[in-house]
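Please read the structure below before turning to the comments.
Throughout, numbering of the chain's residues begins at 1 and tracks the sequence.
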Amino acid sequence: METRELLEQVKSGKISIEEAESYFKREPFEEMGYAKLDMHREVRSGFPEVIFCSGKADEHLLHIVGKLYEKNGEVFGTRASVHQYELVKEKFPAAEYDPLSGILKIDGKKREKKGLVAVCTAGTADIAVAEEAAQTAEYFGTKVERVFDVGVSGIHRLLFNIKEIQDANCVVAVAGMEGALASVIGGLVDVPVIAVPTSVGYGASFHGLSALLTMINSCANGIATVNIDNGYGAGYLATQINRLAIK
């Protein structure tokens, strides 16, 4: 039960203040021995707990998915493998999977997509990380415009799509190699830019470190940089900014 719903029931006399207090005194997490599921996270932050699937034992993942689905009626997981999807799908037929981004979800709600976030990539090799960002934002109720393959090696492609980018409440710039895309976009828009370095590149890119350093040393203003390949973190932050913009 959400806090707002609980307060309405107290006001209407359906439940007592003592019963409401008892609800809030319960542990705000579900103890599972190997995991403590943060069941009140959405009450505190506006976002439910998400599963980082990579590295989890099959049995643990199944139990975590089951518990979150039981409590929330929906599940969202990142960095899932095909094997993990098949495992979850067998027990939860409504499960969906995107092999490009590694997103695994059971989407139990029809969400109205609000506002606008532009998710841009320098190249097509960056799309996997960009899709993690885009699908995360969409799952949390954000309208997303995808603008792919607009890197600085052919900057006319970016300028051709600039209106869609400038119309957004926030821009996610995903780039590997030298990571220059975020700086260029930062100089063309009046909204926050979230820079996402990817591990795309040749040897001297050091698996994304080169792009990361470029992005955190950008001379353009209004740029915040997340970790290498962290599409989920970018999609989450972009949603927070978008929600503030549409309030």
Salt-bridged, Lys67 to Glu49, with N to O below 4.0 Å?
-> no
Does some side-chain heavy atom of Phe206 sit less than 4.5 Å from a side-chain heavy atom of Leu213?
-> no
Over 60° means perpendicular and under 30° means parallel, so classify the ring planes of Tyr85 and Tyr97, tilted if in between.
-> parallel
Side-chain ion pair, Glu132 and Arg79, N-O less than 4.0 Å | yes
Does the side chain of Thr198 come under 3.5 Å of the side chain of Asp126 through a donor N or O and an acceptor N or O?
-> yes
More than 12 non-hydrogen atoms from neighbouring residues, nucleotides or ligands closer than 6.0 Å to NZ on Lys89, yes or no?
-> yes
Side-chain contact, heavy-atom cut-off 4.5 Å: Val50 with Phe140?
-> yes
Taking side chain as C-beta onward, heavy atoms only, is Glu145 less than 4.5 Å from Leu116?
-> yes
Just wondering, are more than 12 heavy atoms of other shown residues or ligands nearer than 6.0 Å to CZ in Phe160?
-> no
Is there a side-chain contact between Thr121 and Val147 (heavy atoms, below 4.5 Å)?
-> no
NZ/Lys114: more than 12 non-hydrogen atoms of other groups inside 6.0 Å | no
Heavy-atom donor-acceptor pair, Ser218 side chain to Met215 backbone, under 3.5 Å = no
Atom CG of Asn221 with >12 non-hydrogen neighbours under 6.0 angstrom | no
Whether Lys56 side chain and Phe52 backbone form a donor-acceptor pair below 3.5 Å = yes
